[in-house]
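As a basis for the values below, the full set of heavy atoms in this structure was taken, side chains included, without hydrogen atoms, waters or symmetry mates.
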Amino acid sequence: MSTEHDPLHQPAAPVVTEPVPDLQLQMLIRLIGQDAHATLPLTLVVGGGFLYGDLISHEAWTAEWARSLRGIDGPGADLLELFPQQVDQAVVDRQGHDTPQRLPQWIHLRDATGVTGSEPVHMPLWRGRLTDVSGWSLGKPA
């Protein structure tokens, strides 16, 4: 028997793997999303560094982001005020109205601090992909 027709001797097709978000973290984000005023202290491992802050809902993040955009001056600043709502509408248009509620794919923090080297970086708002989070813990470092 020739190896040409033997499936055990055929070259394997490349396997493509995609990062998968942590289901428990997705469920926690969904829970926080039920109340726009809810927050939860959280520490994440992202890109080999630590990131900690208060987990907030997408709705709260969008509202705070819109407020921060209103504080920007200069040409085109008035266009930025509508940007958060336009993004949300584009997501709805893309996913359709009749799709079942998907698990969150993004995480939002308020008063975030990133630690990757000697100097921490402070950010009033932070948004990241859940597939980039490699670990997490409730609470923040002391």
Side-chain angles (χ1 to χ4, degrees), residues 3-142:
T3 59
E4 188 175 310
H5 299 293
D6 184 357
L8 295 177
H9 290 91
Q10 295 299 312
V15 176
V16 177
T17 59
E18 294 181 25
V20 178
D22 182 288
L23 180 60
Q24 290 180 351
L25 185 55
Q26 284 181 301
M27 297 299 291
L28 188 62
I29 293 166
R30 179 187 271 180
L31 180 66
I32 290 294
Q34 293 175 6
D35 181 355
H37 302 291
T39 64
L40 186 67
L42 196 65
T43 299
L44 308 171
V45 178
V46 180
F50 289 97
L51 179 69
Y52 58 91
D54 294 318
L55 176 64
I56 58 174
S57 69
H58 171 77
E59 181 182 350
W61 180 85
T62 300
E64 290 187 34
W65 188 42
R67 266 194 301 280
S68 71
L69 291 175
R70 285 193 286 276
I72 295 175
D73 292 326
D78 55 331
L79 297 174
L80 287 176
E81 287 184 36
L82 301 175
F83 189 61
Q85 292 82 8
Q86 290 172 342
V87 170
D88 285 346
Q89 185 58 49
V91 169
V92 167
D93 292 346
R94 187 173 186 187
Q95 292 179 350
H97 298 284
D98 298 324
T99 58
Q101 183 181 7
R102 294 176 33 186
L103 287 171
Q105 301 300 309
W106 297 88
I107 185 167
H108 303 90
L109 298 179
R110 176 190 302 134
D111 298 326
T113 300
V115 182
T116 57
S118 59
E119 285 295 315
V121 176
H122 303 283
M123 298 161 277
L125 291 172
W126 180 86
R127 171 183 164 99
R129 289 184 311 180
L130 279 173
T131 55
D132 292 333
V133 175
S134 59
W136 63 277
S137 175
L138 291 177
K140 297 187 237 181

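To the nearest 0.5 Å, atoms CG (Leu28) and CH2 (Trp136) are separated by 5.5 Å. A distance of 11.0 Å separates CD1 in Ile29 from OG in Ser57, rounded to the nearest 0.5 Å. Rounding to the nearest 0.5 Å places CG of Asp132 at 11.5 Å from CG of Leu51. One finds the CZ atom of Arg67 at 11.0 Å from the OG1 atom of Thr62 (value rounded to the nearest 0.5 Å). A distance of 10.5 Å separates CD1 of Ile56 from CD1 of Ile107, quoted to the nearest 0.5 Å. Separation of atoms CZ (Arg30) and CE (Met27) is listed at 5.0 Å; rounding is to 0.5 Å.
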Using side-chain contact (heavy atoms from CB on, under 4.5 Å), reason through Phe50 and Val45 one step at a time and then give a plain yes or no.
CA-CA 5 Å; Phe50 289 97; Val45 178; 3.9 Å; yes
Run the side-chain contact (heavy atoms from CB on, under 4.5 Å) test on Asp22 and Leu130 for me, step by step, so that the C-alpha distance in whole Å, both residues' side-chain angles and the decisive distance to 0.1 Å come before the verdict.
CA-CA 8 Å; Asp22 182 288; Leu130 279 173; over 6 Å; no
Apply side-chain contact (heavy atoms from CB on, under 4.5 Å) to Trp106 and Arg129, showing your working.
CA-CA 5 Å; Trp106 297 88; Arg129 289 184 311 180; 3.1 Å; yes
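Minimum heavy-atom separation, Pro120 to Thr113: CB-CG2, 3.7 Å. Nearest heavy-atom pair across Pro41 and Lys140 is CB-CE, 3.7 Å. Contact detail for Ile32 and Ala38: the closest heavy-atom pair is CG2-O, 4.0 Å. Across all their heavy atoms, Leu109 and Tyr52 have their closest contact at CD1-C, 4.4 Å. The two residues Leu125 and Trp65 have their closest heavy-atom pair at CD1-N, 3.5 Å. Residues Pro21 and Gln105 come closest through the heavy atom pair CG-OE1, 4.1 Å.
Atom CD of Gln86 has more than 12 neighbouring heavy atoms from other residues, nucleotides or ligands inside a 6.0 Å radius. Dense packing is recorded around CD of Gln26, with more than 12 heavy atoms of other residues, nucleotides or ligands lying under 6.0 Å away.
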